[in-house]
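So that the names make sense, note that chain A is the first sequence line, chain B the second, and so on, each numbered from 1. Atoms considered below: every heavy atom in the structure, side chains included; atoms not considered: hydrogens, waters and symmetry mates. Values in this document were obtained by computation on a predicted structure and should not be read as measured data.
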Amino acid sequence: MSSHTDLPVRVRFAPSPTGPMHIGGVRTALFNWLFARHHGGTFILRIEDTDQKRFDPDALRLITDGLRWVGLDWDEGPEVGGEYGPYIQSERLQQYQHWANWLVDQGQAYRCYCSPERLDALHKQQESGQERRGYDRRCRDLTPEQRDQLHHENGGKYVIRFKMPIEGSTTVHDLLRGDITFDNDQLQDLVLLKTDGYPTYHLANVVDDHFMKISHILRAEEWIPTAPIHKNLYDGFGWEPPHFAHLPVILNPSGKGKLSKRTVGFREGGQQIPVRLDEFEAGGYVPEAIINFLTNIGWSFGDNREVFSVQETIENFDLSRVNPAGGKFPIEKLEWLNGVYIRDMDPVRLAQLLKPILENAGYEVNVDMLLRAIPLIRERIKVLPDVIGIGGLFFADDFTPPARDMLIQKGMDAPRTKTALEESLAALEALPDFNAASQEAVIRPLAEKLGLKMGQLLGTLRAATTAQEVSPPLFETMDVLGREKSLARIRQAMAVVSE
RNA sequence: GCCCCCAUCGUCUAGAGGACCAGGACGUGGCCCUUUCAAGGCUAAGACUGGAGUUCGAAUCUCCAUGGGGGCACCA
């Protein structure tokens, strides 16, 4: 065990409840979870609802449902409790207020009376010129008289800002990248406590990570610039900071920038790709494929394998195999992997997943028949909804026969097609046992007798019984369909060709 | 504008100084199988961003350039 895991491993996934789960968030959660499970540690879910403006009351449920759907269970957090709770930040406000004021008392933080309007004006001015961005520290060194005056002018409203060191530099150790050093004059006097009494992310994060005894912070790369800020906060409190590792971001597959729900990615051809976890679910991706896929972005198994179970991933997971470089979202690979998992899935479970999709498409689903059809259709399905196009034929009660063009194969005409159908019908009707093997035994010789190529005869029959250009093989299809339906469809086809 | 991170086939990646004329996977092309479509098997094309160093030796170390990404809120 490496030195950074000497302490009990406690990691957290700390989403903000502002909307649906994003696939990038799922990846962050997954890596935390894998790390915890590998080290026999604790995986904590913490809800960072400190922004009242962006709060979405549905988001908590979307997060917990999403995590459960992909199989990421948490040991402490909402719904499960734990001894370091509460795990929802809005229920911990006194904590943050206490520690913000503690810093003020220590002279490490100060009350700032600058209005949002003044700050806006300041930022606008900075953006148009060459000046340094950020707060100008106007309230950092006020005299008691100035402070009293501003306090009155503002009706007692203020925020608490941290006194960032101005000189020197701050070095943060990242487990994936080594030391990262920032000049302190680049750091801001960030707000710790807002006017409404809520903490900012920075304060809440540091206080909670400390009191929840978080050992490792595994978060996305976009947080690197806040690491020195947090380091200084830990120093200010006199607390030992956790270990940091910043995970690479997932980039848009074709567009620019990171994959986000705000800049949705588009595949070649303008097709939209899923970004939110519920979109993946609706799109017919299965959880184990999504998990396997996500582990292959930014991490690799160690040998040349691409397909492996969650259990194997847990056994193998190691931060040293995380690739610090960000990468694009390889959606084609997920489609392939999804197909792999569908082909490998327990038929009963696959049937459970497929049934509602077929029903939503208007089919009445007989589960026995679905179970028998699954071996025929599963290897033709990449995403679950593909079942409609490839397997709907088994459940069509009022079957619509194919058009003449589909029935009449290459090199054939209507009369010959009609003859072929009639002869086939007669041969099939005479079968005492209607199964794939017996059908094949009479149809194959029939092709020769009629002077047709195998592809022509079978093509016509396949069109007749499936009405699909693409379908499972003929004999197995008729076998599952049964004598009655198969023969009825051939008769329907004869009528079409006779017209 | 300033700061930070990253850099191997189209894409996801293996590679932690000699084992690399760089391996795997997806995708793409070809062939085989074949009643369509898949699945499967075989196969082909395809990359170390550039330049200086260090070294007997560099995809691997250092620096610079370039490119890509992230950040600079009373959002997280």
What contact category does A:Gly327 fall into here, base, sugar-phosphate, or nothing, at under 4.0 angstrom with non-hydrogen atoms? sugar-phosphate
Touch check for A:Ser320, heavy atoms < 4.0 angstrom, all strands: base, sugar-phosphate only, or nothing? nothing
With a 4.0 Å cut-off on heavy atoms, is A:Glu48 in touch with a base, just the backbone sugar-phosphate, or nothing at all? sugar-phosphate
Under 4.0 Å: is that the gap between some side-chain N or O of A:Arg343 and OP1 or OP2 of B:rG40? yes
Does A:Ser471 make a side-chain N or O approach to OP1 or OP2 of B:rC37 shorter than 4.0 Å? no
Strictly below 4.0 Å, N to O, side chains only: are A:Arg305 and A:Asp303 in salt-bridge contact? yes
Return the value, rounded to whole Å, for the distance between atom CG of A:Leu176 and atom P of B:rA16. 18 Å
With a 4.0 Å limit, can you tell me whether A:Arg54 has a side-chain N or O closer than that to the phosphate oxygens OP1/OP2 of B:rA76? no
Give one of base, sugar-phosphate or nothing for A:Val159, where a contact means two heavy atoms less than 4.0 Å apart. base
Touch class at under 4.0 angstrom, heavy-atom based, for A:Arg305 against every strand present: nothing
Counting any heavy atom closer than 4.0 Å, what does A:Arg378 reach on the DNA or RNA strands: base, sugar-phosphate only, or nothing? nothing
Applying a 4.0 Å non-hydrogen cut-off, can you work out what A:Leu474 is touching in the nucleic acid: base, sugar-phosphate, or nothing? base
Give a yes/no answer on whether the side chain of A:Arg444 brings an N or O atom under 4.0 Å of OP1 or OP2 in B:rU35. yes
Complementary nucleotide of B:rU62, counting Watson-Crick and G-U pairs under 3.5 Å: B:rA52
Indicate, with a heavy-atom threshold strictly under 4.0 Å, whether A:Asn323 touches base, sugar-phosphate, or nothing. sugar-phosphate
Kindly say if A:Lys194 contacts the phosphate of B:rA76, meaning a side-chain N or O under 4.0 Å from OP1 or OP2. yes
Identify whether any heavy atom of A:Cys112 sits under 4.0 Å from a base atom; if not, whether one sits that close to sugar-phosphate; answer base, sugar-phosphate or nothing. nothing
When we call it a touch if two heavy atoms are under 4.0 Å apart, what does A:Thr466 touch: a base, just sugar-phosphate, or nothing? nothing
Hey, does A:Trp299 reach any base, or is it just sugar-phosphate, or nothing, if we go heavy atoms under 4.0 Å? nothing
